[in-house]
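Per chain, numbering begins at 1; letters A, B, ... match sequence-line order.
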Amino acid sequence: MPELPEVETVARTIEPDVIGRTITAADIRWARTVATPSPKKFKEQVQGQRILGVSRRAKYIVLQLENYNLLIHLRMSGDLAVRKGKIQAEKHDRLILSLRGKRGEESYLAFNDTRKFGRVWLTDQPETVLGKLGPEPLGKEFTPQWLHENLHKRSRQLKPLLLDQTFLAGVGNIYADESLHMAKLHPLGLSNAVTLKQAAALCEAIKSVLKEGIRRNGASIDWVYRGGEYQNYFRVYDREGKPCLTCGTEIQKFTVGQRGTHVCPTCQPLERK
DNA sequence: CATCAACCCTGAGAGC
DNA sequence: TGCTCTCAGGGTTGAT
């Protein structure tokens, strides 16, 4: 599932192949993929725009164009690829942007998304989409003090709070489970019961697993993300019934907030009041 | 404010 | 082999 490290990997992968290219046409192959504006306006506005930059904010890929920002969210099954030559649409391609290089080279950016959950926004006001997001976990703002302070502003279960993008941006199901295990915190623990020391451990764990994920080019699970190999380094995620790599206890799986959740009951005891 | 569930989707894998 | 059923999950929305 594309989370921060997977999105970062996709952004870094396409960057050299799209920078400086001009978008010459848009083929919207699944209408709902374009969240805004209307298909007609999207085609008109995106046409002729040169791609000036590629970056990532939370789980969004941001293509900076001359007059707009093209925001892309891969959701569950989305992927971006640049293919050279004339367009040959593949199964599940939902949006295709034709590209022209400085010397007229033809290529195209394909947004492939099996489950059709992915979305694209073309806007000159990216803040309307990105404005409510929490801080970047790999940014300067995300410190043990910030985390401790903000955990105590709420009284929520830790895992759903970590998955709340308005609280912290970019963490998804896999990295939430891995972070909580590394920090030895239970997913159902209450946010306002976390000590400063625990918050520091969690802060460090989140940074650590995300950086490791990026280093491994993300995780390849389901049938998306051919490139990554972080799935070989999971310590709890998708390891139900297997021994905890720290203590040997069987990893347990249960549902929290409609998400499969993996925990070592020994390393991550649930302290109850 | 916190919690819960439905919804959007497809295809892999299990069970028969 | 081939059918049906369940499950996976990021984010939004609405109900409690």
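- Within 4.0 Å of A:Lys159, counting heavy atoms only, lies no atom of the nucleic acid at all.
- Among the protein residues, A:Lys91 comes within range of the sugar-phosphate backbone only, with heavy atoms under 4.0 Å from sugar or phosphate atoms but none that close to a base.
- Side-chain N/O atoms of A:Arg259 include one lying less than 4.0 angstrom from OP1 or OP2 on C:dG10.
- We find that CG of A:Asp238 is positioned 13 Å from C1' of B:dA12, with the value rounded to whole Å.
- Between A:Arg119 and C:dG10 there is no side-chain N or O to OP1 or OP2 distance below 4.0 Å.
- Scanning atom types as modelled, no donor and acceptor separated by under 3.5 angstrom connect the side chain of A:Arg154 and the base of B:dA2.
- Listed candidates were C:dG11, B:dC8, B:dG11. Nearest to the side chain of A:Arg75 is C:dG11.
- The pair A:Glu3-A:Lys59 does not count as a salt bridge, with every side-chain nitrogen at least 4.0 angstrom from each carboxylate oxygen.
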**Prompt:** Between A:Tyr108 and A:Gln88, is a side chain to side chain contact (heavy atoms under 4.5 Å, CB included) present by the stated rule, with each step listed?
**Reply:** CA-CA 9 Å; A:Tyr108 59 99; A:Gln88 283 188 290; 3.9 Å; yes
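- Straight-line distance from the CG atom of A:Leu151 to the C1' atom of B:dA2: 15 Å, rounded to whole Å.
- Going from atom CH2 of A:Trp121 over to atom C1' of C:dT12 covers 11 Å, rounded to whole Å.
- Considering only side-chain N and O atoms, A:Gln165 lies under 4.0 angstrom from the phosphate OP1 or OP2 of C:dG11.
- A salt bridge is defined here as a Lys NZ or Arg NE, NH1 or NH2 lying under 4.0 Å from an Asp or Glu carboxylate O, and A:Glu106 with A:Lys86 meets this definition.
- Counting any heavy atom pair closer than 4.0 Å across all strands shown, A:Gly257 reaches no nucleic acid atom.
- When the side chain to side chain contact (heavy atoms under 4.5 Å, CB included) test is applied to A:Thr9, the partners found at least two apart in sequence or on another chain are A:Thr13, A:Asn217.
- Residues A:Gln258 and A:Lys253 both approach DNA chain C. Their nearest nucleotides, taken by heavy-atom distance, put A:Lys253 toward the 5′ side.
- For the OP1/OP2 pair of B:dC9 and a distance below 4.0 Å, the side-chain nitrogens and oxygens of A:His92 include no atom meeting the criterion.
- Taking only side-chain nitrogens and oxygens, A:Lys59 never comes nearer than 4.0 Å to OP1 or OP2 of C:dG10.
- Within the cation-pi definition used here (under 6.0 Å to the ring centroid, within 45° of the axis), A:Arg154 does not qualify as a partner of A:Phe167.
- Judged by centroid separation below 5.5 Å and plane tilt below 30°, A:Phe117 stacks onto the base of C:dG10.
- Following rounding to the nearest Å, A:Glu240 (CD) and C:dC7 (P) show an atom-to-atom distance of 12 Å.
- For C:dG9, the OP1/OP2 oxygens have a side-chain nitrogen or oxygen of A:Tyr237 closer than 4.0 Å.
- Considering only side-chain N and O atoms, A:Arg156 lies under 4.0 angstrom from the phosphate OP1 or OP2 of B:dT3.
- Looking at the side chain of A:His73, the nearest of the listed nucleotides C:dG11, B:dG11, B:dC9 is C:dG11.
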